[in-house]
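Inspection log for the structure reproduced underneath, given as structure tokens.
Not measured: the values here are computed from a predicted model. Letters A, B, ... mirror the listed sequences (proteins, then strands); counts begin at 1.
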Amino acid sequence: MKNYDHKKIEKKWQKDWKETEIYKTLNSSKNKKMYVLDMFPYPSGVGLHVGHPRGYIGSDVYARMKRMGGYNVLHPMGYDAFGLPAEQYALQHKIHPKKAVEENVKTFERQLSIIGLSYDWSRKVNTTDPKYYKWTQWIFLEIYNSWYDNKKGKARKIDELVSIFEKTGNKNINASCSNDISVFTAKNWKDFSKKEKQDILMKYRLAYEGYSEVNWCPQMGTVLANDEITTDVKGDIVSERGGYPVEKKSMRQWFMRITAYADRLISGLDRLEWSSHIKEIQKNWIGKSEGALLKFPVKNIGGEIEVFTTRIDTIFSGTFLILSPEHQFINKNKINIENFSEFEKYLEIVKNKTEEERIDKNNKTGIELKGIKVINPATGFEIPVWVSDFVIASYGTGAVFADAHDKRDFDMAKKYNIPLCVSIKPQDNSLFEKIKNFEECFEEEGILFNSGTFDGLTSKEARSKITEWLASKKLASKTIKYKMRDAVFARQRYWGEPIPLKHDKDGIISDLKLKNLPLELPNVKSYEIMGTGESPLAGVKSWVKEGYETNTMPGWAGSSWYFIRYMDPTNNKEFASKKAIDYWNQVDMYVGGAEHATGHLLYSRFWNNFLYDMGYISFKEPFKKMKNIGMVLATDGRKMSKRWNNVVNPDDIVSNYGADTLRVYEMFMGPFDQSLPWSTESIIGSRRFLDKVFRLQNKISNKNSNIEIEKVFHKTIKKVSEDIENFSFNTAISSMMVLVNEMEKNENINKKDFKMFLQILAPFAPHITEEIWQNLGEKRSIHTSSWPKYDKKKIIDDMIKIAIQVNGKVRSEIDINKDISEEKIKKIVINDKNVVAWIENKLIKRIIYVKGRIVNIVV
RNA sequence: GCCCGAGUGGCGGAACUGGUAUACGCGCACGACUUAAAAUCGUGUCUCGUAAGGGAUGUGGGUUCGAUUCCCACCUCGGGCACCA
């Protein structure tokens with residue numbers, strides 16, 4: 001027998017598989033379908049390290065098992081090549097991004113091709129291909145031309161909104177919209193000018209232009225979404241990519257009204273088989289708070305200030321109000337504020353604060369609005385109104401009521417000597433009675449600690465009672481608020497999908513029609529950032545002359561729907577045919593990093609929900625099951641990086657040990673979802689395993705296996721099948737190692753049994769198994785053979801080993817028949833020679849027998 | 001500060017639903033083969049103890065006949081959110 005020559009074997013079979021197209025997805029409507037998807041990569045310039053393919057190998061193992069299990073498997077790969085990473089790379093290397101992407105894709109494909117992944121490459125997509133982004137632009141326009149009807153709980157065409165406006169105005173509309181909407185009636189909709197109509201509709205569109213504080217990154221010359229920024233070690237806000245400083249800046253921007261879907265993005269999680277960890281992150285990010293809107297009437301002036309709270313049960317101790325410095329009330333009531341000039345000074349200070357000072361929790365600053373008093377709706381007391389920058393304008397109503405329970409409010413009150421009051425204990429169940437107690441509190445120089453809760457009520461019950469009570473006086477209403485903000489959908493950069501809109505000289509926006517798509521990105525020489533806050537496209541004369549939008553779409557646009565395109569990747573008439581969409585449905589198994597929890601995974605769900613609302617797709621959620629891949633760290637435990645000079649290149653591993661060894665090792669090194677350090681020493685174990693498998697060919701014969709090893713075969717098939725299903729690849733391999741060690745002890749191995757073993761190893765080590773399989777006389781690929789089934793009868797042991805404990809400590813071990821009666825076993829154990837010494841002269845209190853596992857004698 | 005997750009040999013890790021803790025692999029030690037080395041194969045490898053036996057799954061408690069697994073408190077590490085009312 002020849003030695004295991006991985007180079008020869010791997011080259012041979014990779015060529016063969018390519019020629020025979022065994023991994024090609026069928027278009028037929030075979031009813032067992034399985035969509036196994038990897039998060040597609042952005043092709044970076046530096047090439048792959050050994051950690052990148054780990055996820056692809058895992059999904060490949062899964063896809064291969066499913067293929068052998070008779071499924072029509074869709075397992076594609078593509079490129080997410082628009083966006084900042086690709087463009088930054090291009091700028092640094094002074095290559096046009098288009099060219100850079102082409103080159104990087106080549107490197108990527110060369111590196112991936114030698115690993116033996118079973119992709120159907122004919123379905124490859126690339127987000128920068130105009131044939132692809134034609135449909136990204138189309139989806140954008142669909143979103144742009146839609147609004148969200150809260151009553152129906154779904155998105156609808158903007159035309160339907162216009163006809164409602166024509167008939168009844170917007171008085172009775174319950175829609176997700178920008179919050180500065182003024183009410184108009186049916187009578188005046190037609191009286192609005194074209195521009196006015198546009199402005200009103202813009203407040204309802206799901207993709208809209210708005211004015212908002214955004215994350216501006218001067219060095220990158222663009223705005224960034226909340227999930228694209230992070231804090232560095234010093235606590236400063238920086239860009240996730242590159243670590244450049246980011247500042248808050250008010251700008252006109254395109255947004256996506258993802259907040260309209262906030263509730264569905266939370267409730268939809270219940271349908272998904274994702275790790276609870278990712279679900280938790282998304283829930284946190286969306287940040288749902290159930291509470292109440294409270295009205296504080298303004299004394300003498302009239303009107304009221306609205307406040308959002310989740311703790312209405314603390315309203316009786318609310319002794320002042322705090323507004324954010326940007327709150328509209330302040331400017332509207334300039335003349336009534338006695339110390340307005342002082343306020344202006346404060347505002348100036350706030351504006352000049354650095355990010356670090358602004359988020360300093362230990363140093364609250366504020367100013368009282370003199371001459372303004374509001375009424376606490378629960379107590380009827382006049383309370384003062386303050387302004388402080390710790391109150392955030394964009395959350396809730398930009399105003400809070402303050403009470404001593406809240407640490408921030410408490411700090412503020414202590415610093416400025418504002419009266420406080422703590423925990424009123426009502427004397428009876430009537431809420432009105434509590435007001436009496438409140439008076440007492442005030443008299444004690446501001447603070448009175450009078451602990452206790454509402455009689456017989458949990459704080460939750462108290463909340464709903466108080467809300468009801470104040471609601472009956474029209475002073476409160478139940479409300480839900482979310483932390484999540486609408487997503488900024490524009491980048492002032494060159495390398496992205498153009499937004500398919502035109503502006504005429506009067507500022508009227510028109511959308512491109514499908515027949516005019518794609519709106520291709522102009523091929524320019526200079527794509528450097530402008531530094532003015534404008535996109536490089538603003539410098540392209542022909543572009544500007546046509547009135548095209550100069551911002552481009554963010555990186556997440558193309559990746560928010562690519563999983564649909566794979567279903568029908570070359571369709572030129574639709575983003576994908578109805579037939580293909582209905583057949584493939586959701587992604588059954590999605591594999592990728594957990595770092596996309598608040599970005600890609602949320603945006604995809606948002607777009608998917610939208611497309612579902614519009615009836616284009618039949619599934620509510622894009623990714624039914626998801627498995628997250630842990631990072632492969634360098635041997636020193638740090639991230640693999642050029643900077644640390646600790647990068648392990650998969651090419652070297654493939655060349656030295658073979659692709660199969662790389663695959664087996666990456667699956668064996670530890671749990672799939674766990675971050676693990678690479679070990680240059682340990683990989684040899686996986687190679688030795690495959691060497692053993694190769695050598696076992698010498699022992700194959702047609703003689704029957706003995707019963708013992710036959711059992712191990714069948715148990716291993718069961719274990720490996722289950723483990724692959726659960727992505728427990730490390731234990732699947734360890735059980736196969738056990739089997740191989742057993743086989744080595746035997747003189748002969750039955751050919752049929754050995755072939756079953758090859759089949760369950762095939763997803764992990766496709767090349768070597770194919771080689772041996774065909775050495776054994778098979779003419780067709782092992783990878784299109786049928787997944788072996790274990791024989792239930794053959795995994796049952798007649799004789800089993802069980803442990804005997806005395807008082808919970810193992811003292812002996814016996815072999816018994818599995819069906820032995822409890823009576824018999826009890827007799828056996830108390831006479832066992834190893835046990836006798838421990839129970840002599842002692843009273844046996846109990847004997848516990850757990851069938852097939854253990855006997856415990858209690859003395 | 002709040003919300004998750006995890007702590008098991010020298011190392012990566014295994015252990016079903018509470019039932020023989022340390023499977024599998026690496027490393028290490030010894031042995032076989034070899035002139036020798038590599039490769040390969042075999043034996044051993046949590047710890048204290050000559051042994052009998054005792055002790056170990058981050059720490060301390062609890063529940064149980066029995067706890068890595070369940071409960072409580074704490075410590076350490078990782079992740080997410082964060083002046084979000």
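- Counting non-hydrogen atoms under 4.0 angstrom, A:Val307 reaches nothing in the nucleic acid.
- Atom NE2 of A:His277 is separated from atom C1' of B:rC4 by 7 Å (rounded to the nearest Å).
- Of the listed nucleotides (B:rC83, B:rA15, B:rA85), B:rA85 has the atom at the smallest distance from the side chain of A:Tyr395.
- For A:Lys361 against B:rA82, a side-chain-to-base donor-acceptor contact under 3.5 Å is present.
- In this structure, the NZ atom of A:Lys353 is 13 Å from the P atom of B:rC83, given to the nearest Å.
- Between the CZ atom of A:Phe390 and the P atom of B:rC83 there is a distance of 12 Å, given to the nearest Å.
- Just one residue in the list A:Val810, A:Ile830, A:Asp832 forms a side-chain contact (heavy atoms from CB on, under 4.5 Å) with A:Ile804, and that residue is A:Asp832.
- Look at B:rC33: it lacks any Watson-Crick or wobble partner with both distances under 3.5 angstrom.
- Salt-bridge formation is detected for the pair A:Asp263/A:Lys288: a Lys NZ or Arg NE/NH1/NH2 atom is positioned less than 4.0 Å from an Asp or Glu carboxylate oxygen.
- Aromatic ring pairs are classed by plane angle as parallel below 30°, tilted from 30° to 60° and perpendicular above 60°; the pair A:Phe729 and A:Phe672 is perpendicular.
- Between the side chain of A:Asn284 and the base of B:rC81, no donor-acceptor pair of N or O atoms lies under 3.5 Å.
- When heavy atoms are screened at a 4.0 angstrom cut-off, A:Arg687 is found touching no nucleic acid atom at all.
- Remark: A:Lys809 is in phosphate contact with B:rG55, judged by side-chain N or O atoms under 4.0 Å from OP1 or OP2.
- The CD atom of A:Glu290 sits 10.5 Å away from atom CZ of A:Arg463, with the distance rounded to the nearest 0.5 Å.
- An OP1 or OP2 oxygen of B:rC41 is reached within less than 4.0 angstrom by no side-chain nitrogen or oxygen of A:Arg688.
- Residue A:Tyr665 places none of its side-chain N or O atoms closer than 4.0 Å to OP1 or OP2 of B:rG25.
- Pair assignment for B:rC2 gives B:rG80, based on Watson-Crick or G-U wobble hydrogen-bonding distances that are each under 3.5 Å.
- Between A:Met412 and A:Phe320, some side-chain heavy-atom pair lies under the 4.5 Å cut-off.
- Each of A:Val400 and A:Ile848 lies near RNA chain B, and the nucleotide nearest A:Ile848 is the one positioned closer to the 5' end.
- The 5' end of RNA chain B is approached more closely, in terms of each residue's nearest nucleotide, by A:Ser276 than by the other of A:Asn363 and A:Ser276.
- Across all strands, A:Lys801 comes closer than 4.0 Å to base atoms (heavy-atom distances).
- Within 4.0 Å of A:Asn856, counting heavy atoms only, lies at least one base atom of the nucleic acid.
- Distance from the side chain of A:Arg853 is smallest to B:rG19 among B:rG80, B:rG19, B:rU20.
- Between A:Arg311 and B:rA85 there is no side-chain N or O to OP1 or OP2 distance below 4.0 Å.
- Here B:rU40 presents its P atom at 13 Å from CG of A:Leu690, a figure rounded to the nearest Å.
- With both pairing distances under 3.5 Å, B:rG44 is matched to B:rC28 as a Watson-Crick or G-U wobble pair.
- When heavy atoms are screened at a 4.0 angstrom cut-off, A:Lys692 is found touching the sugar-phosphate backbone but no base atom.
- Put simply, CD on A:Gln674 is 10 Å from P on B:rG12, counting in whole angstrom units.
- For B:rC3, the base has no donor-acceptor partner in the side chain of A:Lys283 [N/O atoms by modelled type, under 3.5 angstrom].
- At a threshold of 4.0 angstrom between heavy atoms, the contacts of A:Ile684 are confined to the sugar-phosphate backbone, with no base atom among them.
- A close approach under 4.0 Å does occur between a side-chain nitrogen or oxygen of A:Arg695 and OP1 or OP2 of B:rC41.
- Remark: P of B:rA67 and CG of A:Asn807 are 11 Å apart, rounded to the nearest angstrom.
- Using a 4.0 Å heavy-atom distance criterion, A:Ile392 is classed as a base contact.
- For A:Asn3, no side-chain nitrogen or oxygen approaches OP1 or OP2 of B:rA39 to under 4.0 Å.
- When both pairing distances are held under 3.5 Å, B:rG66 makes no Watson-Crick or G-U pair with any nucleotide shown.
- Salt bridge status for A:Lys415 with A:Asp411: absent, with no side-chain N to carboxylate O gap under 4.0 Å.
- If you check every strand for non-hydrogen atoms under 4.0 Å, A:Thr310 touches sugar and phosphate atoms only.
- Across all strands shown, B:rA73 forms a Watson-Crick or G-U wobble pair, both distances under 3.5 Å, with B:rU59.
- Ring-centre distance between A:Trp285 and A:Tyr482: not below the 6.0 Å cut-off.
- Side-chain N/O atoms of A:Asn730 include one lying less than 4.0 angstrom from OP1 or OP2 on B:rA14.
- A:Asp691 comes within 4.0 angstrom of nothing in the nucleic acid, heavy atoms only.
- At the heavy-atom level, A:Val738 lies under 4.0 Å from the strands shown only through sugar-phosphate atoms.
- A:Glu595 places its CD atom 20 Å from the P atom of B:rG5, with the value rounded to the nearest Å.
- A close approach under 4.0 Å does occur between a side-chain nitrogen or oxygen of A:Ser289 and OP1 or OP2 of B:rA85.
- Applying the 90° cutoff around 0 to the glycosidic angle, B:rG9 is assigned syn.
- When every heavy atom of A:Val740 is checked against every heavy atom of A:Lys692, the shortest pair comes out as CG1-CB, 3.8 Å.
- Between A:Gln805 and B:rU20, a side-chain N or O to OP1/OP2 separation shorter than 4.0 Å is absent.
- Nucleotide B:rG66 holds its P atom 16 Å from the CH2 atom of A:Trp838, rounded to whole Å.
- The residue A:Trp678 sits apart from the nucleic acid: no heavy atom pair falls under 4.0 Å.
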